[in-house]
Every structure is written in C-alpha cells, then in structure tokens.
Amino acid sequence: MENKKVLLGMSGGVDSSVSALLLKEKGYEVIGTTLELFAGSSCCNVETYLDAKNVCNQIGIPHFTFDFKEEFKKYVIDDFIQCYANCKTPNPCIECNKYMKFGIMYEKAKELGCFYIATGHYAKTEFSEKYNRWVLKKSNAGKKDQSYVLWNIPKDLIEHVIFPLSDFESKDEIRKIAKEHHLKVANKPDSEDICFVPDGDYKKFLENNSDIKPKIGNIVDSQGRVLGSHRGLYHYTIGQRRGLGISNKDPLFVLGFHKEKNEVIVGVENELYQKEIFVTDVNLLLVDEIIGEMEVEVKTRYSAKSARAKISQEKGKIKVVFDEKQRAITPGQSAVFYIEDIVVGGGKII
C-alpha cells in the first residue's frame, strides 16, 4: 500500500497554508511543521507559529514545531557571514533549502513515518521518461518560479518532494483559494527580505553578529589608481553604482574587490560584462556528470533572465561560456543550469 504520509513545512504564510489544503484534498495524510530557525526573524516569531497552528487546526491536521536554531546558525548564518568576510554575495535561501528544509526536515519526516515532504515553493517534481529519473522543473508561475533556489537539494530526494503549487500561474489564484476556505492568512503579505534580517539592514546584522566591522580603504580603478575611499568591503556588491561618493565623467560601478589590500575596484559599465565564469560546490540533478560540452540556459541570480551557454566539467568545477557576455556576475551567487524547464543542476560562482 502506498505511503501517502507527508510532512509539510509551514511558515504561517498563504503559500504553505494553501499547500496543506491541496494535499489534504488529494488524500494525503498531512502533518504540518514549523521549524524554529532564528528568534525574531520574519519566519520564526510568535505570529508565525500561531498562524501555522491555527491553519492546521482549521483544516484538521496535526502541527509540530521543532527547534533547529543551532543548526540554522551553523549552516546558514555562519555561511552568510563567511561569504561577506570573503567579498562574496550569498543567497542564504539556497543554504536553508539544502540543509534545513530538504535536509534536517526530511530526516524528521522519516522519523515520523512520512514518505514525502512538501513546501509552498513554486517548483515542480516529476518522473521523466526521457531521462529515466525524477527531475526538478520550473513551475508554471513564470517570474515567481523558485526552482533557482532549489538546485542544491540532494538528487535522491526529488522523488520524495511534493510542491502542491507547481501548476498555479499566479499568487492571486492561491489567495483566492485561501479566501474561499476562510483562512485568516489569505491576505497576509509576502516576506521579501532575508528572514533573519527582517529590517533589510544586512550591514548592521553583520556588524552585530560577527567580527566584520567598518574599515576604511581605497576605491581604485582597474589600473589601481586611487579614486576615493570606502568604509568597509561588505558595504558594496558587484554592479553597484550608488553610494560610491566619486565624481567621474562616466558613471562608475563596482567591478570587484582586492581583499588583501582592502580595496574596492570600480570601472565603467562595459567592464562589468563577462563571457566566461567558473562555478564550484556543484550539484547535478539531471545527469551524474557532464561529458564534453552541454548546451544549457543559465541563470546567474534569482531575478536574472536566463542566458544561453555551454558548460563543461573539469576537476570538480564547471566552466560556463556564455553565447553573449553577461552583466555583473557576482561571486557567491548561484549559477543554475536548465534544459528547457528542467533543472540540470548548479553551483556557486567563484
């Protein structure tokens, strides 16, 4: 007999709440869980827990909270700090998905006798006859698709993951279902910021939670000429134009950093474009390895349009050669590879 028991991650928001409804309607035995990850964050506060618990009570499923604050600090916050300390721009949602939602939560699901885990992400899993394996795909939600932040999940987990919202095209449809079922969270706003930096001031967070402190240094051009001064490398990201405090006949943008010299390197816009990058920390979902060259579409940040490229694998890294130069590619962000709507895999830009 098929095990239709599923552990659903519930954030107290409308997406996960409607996911619970849809799973129950399809005959799954649903258990809701809210992970305690960071005290005072936008996804871990009293309101969050109460909203999640109330929804579970309303639709008649059990709800548990589990305290994983220590693990969240180790895998997500420490990585976030380490990235900025090394002049990289992290995406903490990707680490959280890998280690927390699709790592620790899946272990908890197995303890509870669940075959599946589910979340309110806009993405899709299905078995592909063509590739003879379970695949992760884009959802139908267009710009709201979240497959980009899921490339790092373990590939043997894909067949155990359900995304109930995969076939919806807009958030309005989700809110409509919530209203029809009289869920109190139907009009709850989306949280846009990093969950553990709810005020959006990541610089203050770094200063309060790490050894990273303001340290004045030079702003230089690509020839090393000093153009001005900065107040700490972590205040800047590649492609940034505002807040440099330099007057120049052509607009200047942050091109990169020289960590040892405590320098921010700036230049004109055409210096921001790159044809070729390398990625590390590779996770391949569609194939076990890349043999020769593979033609793919690549996204280099969540909000970026995908770009055509060829990828090849060498010594644990993947080389990406774009058909056309790409703007402001940023170390620490992820490069995610697609063939049509299927996620091939991804890695961290170096």
Sub-4.5 Å side-chain heavy-atom contact between Ile349 and Thr300: yes
Sequence-distant partners of Phe163, ring-ring contact (aromatic ring centres under 6.0 Å, His included), two or more places apart: none
Pair Tyr302, Gln146: side-chain N/O donor-acceptor within cut-off below 3.5 Å: no
Non-neighbouring partners of Thr65 that pass side chain to side chain contact (heavy atoms under 4.5 Å, CB included), sequence neighbours left out: Thr34, Glu36, Tyr49, His63
Residue pair Ile219 / Val226, side-chain heavy-atom distance below 4.5 Å: no
Residues which pass ring-ring contact (aromatic ring centres under 6.0 Å, His included) with Phe168, listed by chain and number, not counting sequence neighbours: none
Whether over 12 other heavy atoms sit under 6.0 Å from Lys4 NZ: yes
Pair Phe196 + Phe80: ring centers closer than 6.0 Å: yes
Lys317 NZ: over 12 foreign heavy atoms closer than 6.0 Å: no
Short side-chain donor-acceptor distance under 3.5 Å, Arg133 and Ser128: no
Check: Leu252 main-chain N/O paired with Asn248 side-chain donor or acceptor under 3.5 Å: no
Heavy-atom side-chain proximity of Leu136 to Leu150 below 4.5 angstrom: yes
Lys/Arg N to Asp/Glu carboxylate O, Lys188 vs Asp51, below 4.0 Å: yes
Point-to-point distance, once rounded to the nearest 0.5 Å, from CD of Gln313 to NZ of Lys315: 13.0 Å
Residues Lys138, Asp145: salt bridge by 4.0 Å N-O rule: no
Min side-chain heavy-atom separation Asn209-Ile77 under 4.5 Å: no
Inter-residue atom distance Leu7.CG - Thr119.OG1, 0.5 Å rounding: 11.0 Å
Check: Asp167 main-chain N/O paired with Tyr122 side-chain donor or acceptor under 3.5 Å: no
Salt-bridge criterion met for Arg175 and Asp190 (N-O under 4.0 Å): yes
Short side-chain donor-acceptor distance under 3.5 Å, Tyr84 and Ser210: no
Steps toward ring pair (Phe, Tyr, Trp, His ring centres under 6.0 Å) verdict (Phe257, Tyr236): CA-CA 9 Å; Phe257 307 92; Tyr236 305 87; 7.3 Å; no
Side-chain donor/acceptor of Glu173 to backbone N/O of Glu169, under 3.5 Å: yes
Worked check of salt bridge (Lys or Arg N to Asp or Glu O under 4.0 Å) between Glu314 and Lys319: CA-CA 7 Å; Glu314 44 188 75; Lys319 181 181 181 181; 5.2 Å; no
Backbone of Ala328 reached by a side-chain donor or acceptor of Arg301 within 3.5 Å: yes
Backbone N/O of Phe115 and side chain of His160: donor-acceptor pair under 3.5 Å: yes
Other residues, nucleotides, ligands: >12 heavy atoms within 6.0 Å of Asp211 CG: no
Interatomic distance, Leu8 atom CG to Ile31 atom CD1 [nearest 0.5 angstrom]: 10.5 Å
SB check Lys69 Asp67 (cutoff 4.0 Å): yes
Under 3.5 Å: donor-acceptor pair, side chain of Ser139, backbone of Ala141: yes
Electrostatic pair Arg225-Asp221, nearest N-O below 4.0 angstrom: yes
Whether Asn3 side chain and Lys5 backbone form a donor-acceptor pair below 3.5 Å: yes
Lys/Arg-Asp/Glu bridge criterion (N-O < 4.0 Å) met for Lys98, Glu95: no
More than 12 heavy atoms from other groups under 6.0 Å of CZ on Phe253: yes
Flag side-chain contact, heavy atom, 4.5 Å: Met294 against Phe337: no
With sequence neighbours excluded, residues passing side chain to side chain contact (heavy atoms under 4.5 Å, CB included) with Asn91: Cys93, Ile94, Tyr148, Val149, Gln333
Close side-chain approach of Ser166 and Asn140, heavy atoms under 4.5 Å: no
Sub-4.5 Å side-chain heavy-atom contact between Tyr338 and Val296: no
Phe38 and Phe72 aromatic ring geometry - parallel, tilted or perpendicular at 30°/60° bounds: tilted
Glu180 atom CD, over 12 foreign heavy atoms within 6.0 Å: yes
Nearest-0.5 Å distance, CD1 of residue Ile265 to CG of residue Leu255: 7.5 Å
Side-chain donor/acceptor of Ser306 to backbone N/O of Ala304, under 3.5 Å: no
Check: Cys56 and Met10 side chains under 4.5 Å, non-hydrogen atoms: yes
Side chain Gln240, main chain Arg242, donor-acceptor under 3.5 Å: yes
Pairwise side chain to side chain donor-acceptor pair (under 3.5 Å) hits with a residue in residues 270-284, at least two apart: Ser222-Glu271
Heavy atoms of other groups near Lys213 NZ, more than 12 under 6.0 Å: yes
Asp172 and Lys179 ion-paired at < 4.0 Å: no
No-hydrogen, no-angle side-chain donor-acceptor test under 3.5 Å, Asn152 and Tyr99: no
Lys/Arg-Asp/Glu bridge criterion (N-O < 4.0 Å) met for Asp341, Lys124: no
Gap between atom CZ of Phe68 and atom CE of Met100 - 0.5 Å precision: 6.5 Å
Between Thr237 and Thr89, a side-chain donor and acceptor under 3.5 Å: yes
More than 12 heavy atoms from other groups under 6.0 Å of CD on Glu324: no
Any pair counted as side chain to side chain donor-acceptor pair (under 3.5 Å), so long as it reaches residues 19-33, sequence neighbours left out: Glu25-His181
Residues Lys259 and Asn86: side-chain donor-acceptor under 3.5 angstrom: yes
